[in-house]
Amino acid sequence: MRVAMIGTGYVGLVSGTCFAEFGINVTCIDKDERKINKLLNGEIPIFEPGLDVLVERQTSAGRLKFTTDLETGIAGAQAVFIAVGTPSRREDGHADLSYVYQAAKELAPLLKDYTVIVTKSTVPVGTAREVERIIKEENPDAQFDVASNPEFLREGAAIEDFMRPDRVVIGTDSPRAQDVMRQIYRPLYINETPIVMVAPETSELIKYASNAFLATKITFINEIANLCEKTGANVQQVSKAMGLDGRIGGKFLHAGPGYGGSCFPKDTLALAQIGVKHNAPQTIVEQVITANKNRQEDMAKRIIAAFDGDVKGKTIGILGISFKPNTDDVRDAPSLVVVPMLQQAGANIKAYDPEAREQAEKHFQNVDWKDNAYDVADNADALVILTEWNEFRALSLREIKEKMTQPLLLDFRNIYTEAEIREKGFRYISIGRQEINADSAAALKAAV
Ligand code: UGA
């Protein structure tokens, strides 16, 4: 079995490498010569735990190849995956499909034997049919079918998600294409992974509906967290108990500073646009988009409020810049909203992220970058946890407190427990739990 992967971005590179792990011969193709040269030299252009080891193993085994040349790249492939970018169009939030259509146009004249063209990028309903139309128009003699095969990878856990998915979704009407796709996913099929065979439109919508639902779940619990803060309830206990109901499930119910990343913000926006276009408005998703935007801004406002509305000249330390742990991705991260708002209000920012500094430097100015959390805490008037990197979970709070001008900790990922904080005497502002201040903590400690 031989497949080609057009696009060596996140989805393309992870999927191509994992297909090679299945024993398939894979050629990854990208127009970006620098990227391909890097890969040929064994360098991985993205940060994804475990990916480097697999790429090295599969390239050494000769199963994984990289090229900039489309013709040699797709030669002999039974399936050609299109995994190019689909950014949000700046003007209207629609997914920009020009790269997908361009790839279809360019590969059409090169098709020889029967080939399945697979759209792997997240694309609006109707894209697979349009790809089919383009290829037919460019090459009326081509023998091919089109299938939609959306990816459900989480950054930071992508290899595990690929190798042990909850389901594989394949959208095509053609039995011949279904057979090819079944062959490709044979190792998972043997493991009894559910393979969902549907029409292309259904497959395309499954991806958007899944991401939008998860974004809704997060936004729901974030608003419940606001209510918890006002009523004295504890959001972690609320979500834990809710999650015990099998119909709800406990995952994606962690309240925080709002969702970010390259998928949820883009896909919710695109789904809302698709709804408008087809006159089936997705009003819940529209509200989720607004609520999440407000939430990220609200995080900055909370920090400012902790200083009674005036952060001028204050030094605020930020721990975690990436949109979530185990990635260097800062796209639509809460930090991109919070840091500039604090700077605009006159605060000085110190920051540390285990991986994201290089990416973040493109977005921020005048940030004093540090190499660890303790240097960020040094002389800071407040410390804010924006991303729950593991190394922030085990900080010596005693040492942190000694270094700061005042012990003010804003934990927007709830990685510390109230008991730990009471013990250490911080003023502690978290999400969906009531504020603990040093006086009340000391009084409580004395009373115990
Ligand atoms: C998401 C989906 O989880 C994947 O299934 C999907 O394939 C991918 O988008 C995609 O469309 O390609 P990803 O963007 O990597 O994956 O990140 P998630 O782990 O889903 O987290 C998204 C955001 O939600 C992060 O900012 C995270 O901090 C936030 N989040 C997540 C919460 O605030 N609370 C939670 O309980 C879970």
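Both counts, for ligands and for their atoms, begin at 1 and track the order of listing.
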Nearest non-hydrogen protein atom, atom 34 (N) of ligand 1: His254 O, 2.9 Å
Look at ligand 1 and say whether Arg413 reaches it with a heavy atom at a distance under 4.0 Å. yes
Would Asp332 and Lys293 pass as an ion pair if we require N to O under 4.0 Å? no
Which option wins on minimum heavy-atom distance to atom 14 (O) of ligand 1: Tyr10, Phe412, Phe323? Phe323
So if I count the atoms of ligand 1 from 1 in the order they appear, which ones are less than 4.0 Å from some heavy atom of Glu151? 7 (O)
Are the ring centres of Phe22 and Phe162 closer than 6.0 Å? yes
Start with the C-alpha distance between Lys38 and Asp30, add both sets of side-chain angles, then the distance that settles salt bridge (charged side-chain N to carboxylate O under 4.0 Å, His left out), and finish with yes or no. CA-CA 12 Å; Lys38 263 191 173 180; Asp30 204 297; over 6 Å; no
Could you check, using the six-membered ring where one of them is a Trp, whether Tyr416 and Phe426 have ring centers closer than 6.0 angstrom? no
Does only the side chain of Asn222 get under 4.0 Å from ligand 1, or the backbone, or both, or neither? Count heavy atoms. neither
May I ask whether Lys217 places a heavy atom under 4.0 Å from ligand 1? no
Could you check atom 1 (C) of ligand 1 against the protein and tell me its nearest heavy-atom contact, residue, atom and distance included? Phe264 CE2, 3.5 Å
Decide whether Thr327 and Arg154 meet the rule of one side-chain donor and one side-chain acceptor closer than 3.5 Å. no
Which atoms from ligand 1 have a heavy atom of Tyr259 less than 4.0 Å away? 23 (C), 24 (O), 26 (O)
Atom 37 (C) of ligand 1: closest protein heavy atom, distance to 0.1 Å, is Phe252 CD2, 3.4 Å
contact_flag Cys263 ligand 1 heavy-atom lt 4.0 Å: yes
With rounding to the nearest 0.5 angstrom, report the CG to CD1 distance, Leu319 to Ile400. 7.0 Å
Starting from atom 30 (N) of ligand 1, which protein heavy atom do you reach first, and at what distance in Å? Ile218 CD1, 3.4 Å
Under 6.0 Å between ring centres: does that hold for Phe19 and Phe81? yes
Going by the order shown, which atoms of ligand 1 are within less than 4.0 Å of some heavy atom of Asp267? 11 (O)
Using distance alone, decide if ligand 1 has a nitrogen or oxygen within less than 3.5 Å of any nitrogen or oxygen in Phe152. yes
Checking Glu48 side chain against Ala158 main chain: does a donor-acceptor pair fall under 3.5 Å? yes
For atom 3 (O) of ligand 1, closest protein heavy-atom neighbour: Arg154 CG, 3.2 Å
With a 4.5 Å cut-off on side-chain heavy atoms, are Ser430 and Phe412 touching? no
Nearest protein heavy atom with distance in Å, relative to atom 4 (C) of ligand 1: Leu153 O, 3.4 Å
Ring pair (Phe, Tyr, Trp, His ring centres under 6.0 Å) with Tyr99: which residues, sequence neighbours excluded? none
Enumerate the ring pair (Phe, Tyr, Trp, His ring centres under 6.0 Å) contacts for residues 186-223, please, sequence neighbours excluded, ordered by first and then second residue. none
Looking at ligand 1, does any of its N/O atoms fall within less than 3.5 Å of an N/O of Gly260? yes
Heavy atoms, side chains only, cut-off 4.5 Å: are Pro165 and Leu188 in contact? yes
Mark up the atoms of ligand 1 that fall under 4.0 Å of a heavy atom belonging to Glu155, in ascending order. 15 (O)
Quick one: does Glu388 get an N or O within less than 3.5 Å of an N or O on ligand 1? no
Given that the side chain starts at C-beta and the backbone is N, CA, C, O, which of these parts of Lys207 lies under 4.0 Å from ligand 1, counting heavy atoms, or is it both or neither? side chain
For atom 21 (O) of ligand 1, find the nearest protein heavy atom and state the residue, atom name and distance (0.1 Å precision). Lys324 CD, 4.0 Å
